[in-house]
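Written below as structure tokens is the structure these notes are about.
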Amino acid sequence: MNRVLLNNVDHADLRVIAAHGVAFGDGVNQTLLLPTEFEAAQREYPILIRKDPSGGYHAVALLGLDRDENLFLDETGWRARYVPAVQRRGPFSIALQRDERGGEPRPMIHVDLDHPRVSQTEGERLFLPAGGNAPYLQAVSQTLGQIHEGIDIANPMFAAFEQYGLIEPIDIEIKLDEHASYDVPDVFTIAPDRLNALSGEALERLHQSGLLRAAQWIVSSMGNIEDLIARKNRRRASLA
């Protein structure tokens, strides 16, 4: 990794390939999802909750059933109405850094010059000839803002869900035929019955904070497992 602060002098001619493919890191069967994208993501993907080694929770979009399988990816690109922000950000990230005047650290865009999407000859321009941000970089900035805000929200959100006993383990067993079946281990979801039974202070707190909708989006996203199975069966049929 060769991550540097992005600027319109050193990187005036830098381009970034915006297409999606295995070569660009999109060949994954799960990807991180942040609360700021639950509304869009729940229309496309099952949203599952996982626990990291430190005991904290995070959300993922289930993209495939086999290792490194993304059923939304084909030779034409990412086939869905919404692409998760972590996969959309490409070689860019946000890091806190002081400007040349030495003020308070603030979020600034960095780019990994060794990322496979980075190019000098093809892809989207980052800067306009006069030095301003090109439309692609403006979109990247919005994506990074979505990620940055989502990271800030995630821990308090899961803490609230845990406080009110909404998180429960789930067994996902998918049987395609007599010879092919899949288990998705070590995942959690929001318990629909407990969510519906909320009342009083708990219901008011989650409603006022917007977390009630986030919990409902996780629950509603589970219907997308049927679509994932259909995608898997189509993929198997195309390879038969």
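Annotation: side-chain hydrogen bond (donor to acceptor under 3.5 Å, both in side chains) contacts of T36 (sequence neighbours excluded): none. For E162, the salt bridge (Lys or Arg N to Asp or Glu O under 4.0 Å) test picks out no residue, with sequence neighbours left out. Partners of D74 under the side-chain hydrogen bond (donor to acceptor under 3.5 Å, both in side chains) rule, at least two apart in sequence or in another chain, are T76.
Side-chain atoms of N233 never come within 3.5 Å of backbone atoms of A230 as a donor-acceptor pair (strictly under, hydrogens ignored). A donor-acceptor pair under 3.5 Å is formed between the side chain of D52 and the backbone N or O of G56.
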Practice task
Apply side chain to side chain contact (heavy atoms under 4.5 Å, CB included) to the pair L144 and I109, showing each step before the final yes or no.
Solution key: CA-CA 8 Å; L144 293 176; I109 297 178; 3.8 Å; yes
Practice task
Before giving the answer on side chain to side chain contact (heavy atoms under 4.5 Å, CB included), spell out for F92 and L126 the whole-Å C-alpha distance, their side-chain angles and the decisive distance to 0.1 Å.
Solution key: CA-CA 11 Å; F92 302 99; L126 302 182; 3.7 Å; yes
Practice task
In sequence, state the C-alpha distance, the side-chain angles, and the governing distance for R3 and S93, and then conclude on side chain to side chain contact (heavy atoms under 4.5 Å, CB included).
Solution key: CA-CA 9 Å; R3 190 166 61 185; S93 60; 3.2 Å; yes
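Under the ring pair (Phe, Tyr, Trp, His ring centres under 6.0 Å) criterion, the residue pairs touching residues 35-54 are Y45-F72, with sequence neighbours excluded. Listed by first then second residue, pairs satisfying salt bridge (charged side-chain N to carboxylate O under 4.0 Å, His left out) with a partner in residues 110-133 read D26-R117, not counting sequence neighbours. Residue pairs meeting the ring pair (Phe, Tyr, Trp, His ring centres under 6.0 Å) criterion with at least one member in residues 173-209, sequence neighbours excluded: Y57-F188. Applying the ring pair (Phe, Tyr, Trp, His ring centres under 6.0 Å) definition to pairs two or more places apart or across chains, none involves residues 110-137. Among pairs with a residue in residues 15-37, those fulfilling ring pair (Phe, Tyr, Trp, His ring centres under 6.0 Å) read H20-W78, at least two apart in sequence or across chains. Pairs engaging residues 214-233 under the salt bridge (charged side-chain N to carboxylate O under 4.0 Å, His left out) rule: D66-K232, E69-K232, D227-R231 [sequence neighbours left out].
Few gaps surround CG on N2; more than 12 heavy atoms of other groups in view lie less than 6.0 Å from it. Atom CZ of R50 has more than 12 heavy atoms from other residues, nucleotides or ligands within 6.0 Å.
A single hydrophobic cluster is seen to contain both V118 and L137, as judged by linkage of ILVMFWY side chains at heavy-atom distances under 4.5 Å, directly or through other members. One hydrophobic cluster holds both I172 and L228 under the rule that ILVMFWY side chains link at heavy-atom gaps under 4.5 Å. I47 and L62 fall into different hydrophobic clusters, where Ile, Leu, Val, Met, Phe, Trp and Tyr side chains are chained together by heavy-atom contacts under 4.5 Å. Tracing side-chain contacts under 4.5 Å through hydrophobic residues (I, L, V, M, F, W, Y), one never reaches I94 starting from L5; they form parts of separate clusters. Residue I225 is grouped with residue V60 when hydrophobic side chains (ILVMFWY) are merged at heavy-atom distances under 4.5 angstrom, including chains of intermediate members.
For the pair V4/V111, a side-chain contact is recorded, criterion being any heavy-atom separation below 4.5 Å from C-beta on. At a threshold of 4.5 Å between non-hydrogen side-chain atoms, the residues V28 and L63 count as touching. L34 is listed as a side-chain neighbour of I147, based on a closest heavy-atom distance under 4.5 Å. Using a 4.5 Å cut-off on side-chain heavy atoms (C-beta onward), L128 and N133 make no contact. The shortest side-chain heavy-atom distance between T189 and L48 does not fall under the 4.5 Å cut-off.
Looking at every heavy atom in both residues, G27 comes nearest to L73 through N-CD2, 4.4 Å. Contact detail for P35 and A154: the closest heavy-atom pair is CG-CA, 3.9 Å. For the pair A41 and N224, the tightest heavy-atom approach, listed with the atom from each and the gap, is O-ND2, 4.5 Å.
We find that R236 and D177 are joined by a salt bridge, their nearest charged nitrogen and carboxylate oxygen being less than 4.0 Å apart.
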Which donor-acceptor pairs under 3.5 Å do side chains of residues 190-199 form with protein atoms, sequence neighbours excluded?
unit_1	atom_1	unit_2	atom_2	d
R194	NH1	G165	O	2.7
N196	ND2	P192	O	3.2

Show me, pair by pair, the donor-acceptor contacts under 3.5 angstrom made by side chains of residues 209-219, not counting sequence neighbours?
unit_1	atom_1	unit_2	atom_2	d
S209	OG	R205	O	2.9
S209	OG	L206	O	3.2
S209	OG	L211	N	3.4

Show me the donor-acceptor pairs, under 3.5 Å and distance only, between side chains in residues 9-19 and residues at least two apart or in other chains.
unit_1	atom_1	unit_2	atom_2	d
D10	OD2	N7	ND2	3.1
H11	ND1	N7	N	3.1
H11	ND1	N7	O	3.3
R15	NH1	G123	O	3.0

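Judged purely by distance below 3.5 Å, without hydrogens or angles, the side chains of Y82 and Q42 never pair a donor atom with an acceptor atom.
Screening R88, E37, R89 for a side-chain hydrogen bond (donor to acceptor under 3.5 Å, both in side chains) with Q146, the sole residue that qualifies is R88.
Interatomic distance, S221 OG to E44 CD, rounded to the nearest 0.5 Å: 11.5 Å. Rounded to the nearest 0.5 Å, atoms CG (L203) and CD (Q208) are 10.0 Å apart. Going from atom CG of L6 over to atom CE of M108 covers 9.5 Å, rounded to the nearest 0.5 Å.
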